[in-house]
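Reading through the structure tokens given below for one structure.
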Amino acid sequence: MGTQIRISREDGSLPCEVCGFPTMHVAQVVADDGTVLGRTLVCTTCQRSRHRPDPIAEAEAPPDEVPTS
């Protein structure tokens, strides 16, 4: 299944420094066996607007090149 991020519904939220909405939450990072690996901040508004790139498209894209003179 992989690592999960769990956001508690009971804990409050904070204003996000990026979007400004009060949707920043302290979330637990949890392993498959239920062990809490740590905590992280997650903005539910910013996460919804962020699109995951297609890994196949990234693999086919040429590497970035820096022109040299």
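Just so it is clear, the model here is predicted, and its values are computed rather than measured. One-based numbering along the sequence shown.
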Nearest 0.5 Å, please: how far is OG in S13 from CE in M24?
10.0 Å

Q28/I5 under side chain to side chain contact (heavy atoms under 4.5 Å, CB included): CA gap, chis, key distance, verdict:
CA-CA 6 Å; Q28 293 180 333; I5 297 204; over 6 Å; no

Report yes or no: does T3 contribute a side-chain atom to a donor-acceptor pair with the main-chain N or O of A31 at less than 3.5 Å?
no

Quiz: residues 34-42 side-chain donor-acceptor pairs under 3.5 angstrom, not counting sequence neighbours:
unit_1: T35; atom_1: OG1; unit_2: D33; atom_2: OD1; d: 2.8
unit_1: T35; atom_1: OG1; unit_2: D33; atom_2: OD2; d: 3.2

